[in-house]
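See structure below.
Note that the coordinates shown come from a computational prediction; the quantities given were computed from them, not determined experimentally. Just follow the structure's listing: the first ligand is 1, and inside any ligand the first atom is 1.
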Amino acid sequence: MTAITIDTLQDAPHPNGSGAEKRVLLLKPRGFCAGVVRAIDIVRIALETFGAPIYVRKEIVHNRFVVNELAEKGAIFVDDIHQVPEGARVIYSAHGVSPAVRQQSKDRKLKVIDATCPLVTKVHVEAVKFARDGYSLILIGHRDHDEIEGTLGEAPDVTQVVSSVEEVRSLQVPDPEHVAYLTQTTLSLDESRDIIHALKEKFPKIVGPHSQDICYATENRQVAVKNVAHSADLVLVVGSNNSSNSNRLVEVSRNLGTRGHLIDNAQAIDPAWLEGVSSVAVTAGASAPEILVEGVISYLRNNGFGAVDEVEVMPENVRFGLPPEIVQAIQSAPQSGSAPAAR
Ligand code: SF4
């Protein structure tokens, strides 16, 4: 595998028709973000420190492979807090929870470990603040996503969810002079820009967050696809179908006119997709592990794509600290060499 930059890629000729080797363009950054690494570390360390079973509310991150691997180690995934036995230990997923869920945990005397991504927590804090200041809140996002369920729960009486420009047109608020908006962290940059634009037209005095809510990992992976999609005949995105940021990567590619498919792993590749294709771009959503990307690369190598160029579009170096419950658990673990270590 060779490492190239976006400038080198732009200078290189497309292999199609040139007799050159068929190639894979492996996008960087791709795959795990800091919030996902942190959430998975939390479950692993909790299992090693406290022993199985450990309950996890909802999928810790939206990836089947990750969830199955943790379930094999003793994590029990539940949809509802009421499925957790009283007094047991429960971990909240990276997507966050509503205050109602926190109260249910309290009522059941659960020992809570919170794996909510700090960037999701930031949106919750903003929601609370806007609601406290008397704003009607417009939350841009997908209603059925766990993150929106949690954020909406911070101020359900004053919050409305919108997911398209059309929905903005039919919005009604008590005071159009006092409206604020927030967004889900894993949206399409282009789509949310259009929705925010429509909101600003409808409510000229609308206010928003100090810095955008779409997180760095979602943005960087979309920007990487935007930069490379035109050099490829096909874009493969490794990720599960309930992963919001992975779905957005496929949309970005399709919107640029390059075919894109979301695949859980190499087994999901339809050989017909590769017919007449000389250049495939491969990326992965923020919850997809690198081992699945490696499987896709070796499938492509075995099917005539001999050259693999890793195209670094931008550096990414974000890490989040562990929550205090886990730090404390690590500190009080016996020093026998069996103490868990964060990756
Ligand atoms: S995708 Fe963004 S918001 Fe979601 S866990 Fe990763 S860093 Fe956090």
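When each atom of ligand 1 is checked for a heavy atom of Cys215 under 4.0 Å away, the hits are 1 (S), 2 (Fe), 3 (S), 7 (S). Atoms of ligand 1 lying under 4.0 Å from at least one heavy atom of Thr185, given by number and element, are 3 (S). In the vicinity of Cys117, heavy-atom distances shorter than 4.0 Å reach the ligand 1 atoms 3 (S), 5 (S), 7 (S), 8 (Fe).
A cation-pi arrangement is present between Arg89 and Phe50 under the rule of less than 6.0 angstrom and at most 45 degrees off the ring axis.
For residue Cys33, no N/O/S atom approaches atom 8 (Fe) of ligand 1 to within less than 2.8 Å.
Residues Ile42 and Leu322 have side chains in contact (heavy-atom distance under 4.5 Å, counting atoms from C-beta outward).
Rounding to the nearest 0.5 angstrom, the gap separating the CG atom in Leu152 from the CG atom in Leu139 is 6.5 Å.
Classification of the His178-Tyr135 ring pair by plane angle, with boundaries at 30° and 60°, yields parallel.
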